[in-house]
**Student:** 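Pasting in a structure now, in structure tokens, and then I'll have a few things to ask.
Indexing begins at 1, ligand by ligand and atom by atom, following the structure's order. Being a predicted model, the structure only gives us computed values, none of them experimental.
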Amino acid sequence: MNVDDTVRAIKDMEIRGAGYIARAGAAAIGEMAGSHWKDIGTMKKDILSAKEKLLSSRPTAVSLLNGLLFTLKGFEECSDISEAKELLIRNSEEFIKESNEAVRKIGVIGSRRIKDGAAIMTHCNSSAVLECIKEAHRNGKELKVYATESRPWRQGILTANDLAKEGIDVTLIIDSAVRSVMKRTDIVIVGSDTITSNGAVINKIGTSQLALAANEARVPFLVCGETYKMSPQTLFGDTVTIEERDMGEIAGKSDIASSVKVFNPVFDSTPAKYIDGIVTELGIVSPGSVYGIMIERFGRMDVR
Ligand code: RI2
């Protein structure tokens with residue numbers, strides 16, 4: 001898919017999920033690099049403006065920025081077209097491979113925290129969470145999953161259908177049933193769009209409600225996140241922009257009086273104190289370890 005189609009598909013949520021968005025961005029740059037270029041100057045200018053265009057598609061998930069930074073690593077130092085093409089295509093393929101591999105590893109590592117007979121609650125639709133649940137199921141564990149509807153896009157339906165296809169016992173619940181159903185839940189596992197340097201997790205709106213309800217009911221709360229969901233910018237005090245989407249996703253103009261305002265934030269932040277562990281491809285880490293991992297992983301990178 002070319003850059004413009006990728007940007008449109010991400011904006012329209014045809015491509016969604018923080019990991020998918022990152023891989024799609026890397027793939028679009030890889031594809032663009034393979035085009036015919038007149039000179040290296042034009043190539044650099046166009047590729048860097050494509051990066052900005054991709055970044056403007058959705059503002060919250062840092063995975064997209066990290067995927068693009070990975071893909072563009074060394075590009076500005078390239079002195080000829082063939083060297084630059086080769087570098088971008090190789091970086092793009094490597095990011096996609098590592099990203100898929102990270103999700104698979106998270107599945108294996110996270111599944112170990114799921115006990116036989118467990119009732120799991122999850123929110124929205126995270127490929128990393130689905131991998132954990134499916135891996136536990138493949139290992140013969142009897143599971144029961146509560147999938148929240150996740151208004152307004154109702155990605156919980158995707159989660160429920162996907163798990164049902166695997167033969168997993170899954171129940172769809174509305175978002176406001178979370179606190180009530182928490183009494184029947186043994187573990188909550190959610191995905192992440194961005195993880196900040198102080199161990200807070202930005203994920204689908206409503207995630208923090210699950211965390212509070214889990215905390216109140218003393219139910220363990222796990223987050224799945226590849227290390228490219230960690231935001232190095234937050235090391236410098238930058239805050240994460242929370243995407244706000246169109247009011248039409250919540251209510252049509254004819255459903256409400258013209259004076260009614262609609263506020264549609266897409267993500268929220270769950271503070272580190274409500275998170276028992278973050279399942280990464282490196283292992284399960286405490287929210288407090290995120291800072292050290294970021295320094296190690298991104299320390300020498302130009303993160304801006
Ligand atoms: P994976 C999704 O956002 C959800 O918030 C989900 O938890 C997160 O991305 C991570 O998904 P959206 O794109 O990377 O549906 O684990 O707004 O697939």
**Student:** What I want to find out is whether E131 reaches R138 closely enough, with some N-O distance under 4.0 Å, to be called a salt bridge.
**Tutor:** yes
**Student:** Sort out for me which residue in D46, L88, L54 forms a side-chain contact (heavy atoms from CB on, under 4.5 Å) with M32.
**Tutor:** D46
**Student:** Regarding E86 and R90, does a basic nitrogen lie under 4.0 Å from an acidic carboxylate oxygen?
**Tutor:** yes
**Student:** Taking the side chain from R16 and the backbone from N125, do they hold a donor-acceptor pair closer than 3.5 Å?
**Tutor:** yes
**Student:** For ligand 1, what are the residues with a heavy-atom contact below 4.0 Å?
**Tutor:** R16, G17, A18, G19, R58, C124, N125, S126, S127, A128, Q155, G191, S192, D193, N203, K204, K229, F267
**Student:** Within the side chain of S92, is there an N or O that forms a donor-acceptor pair under 3.5 Å with the backbone of A26?
**Tutor:** yes
**Student:** Are more than 12 heavy atoms from other residues, nucleotides or ligands located less than 6.0 Å from atom CZ of R154?
**Tutor:** no
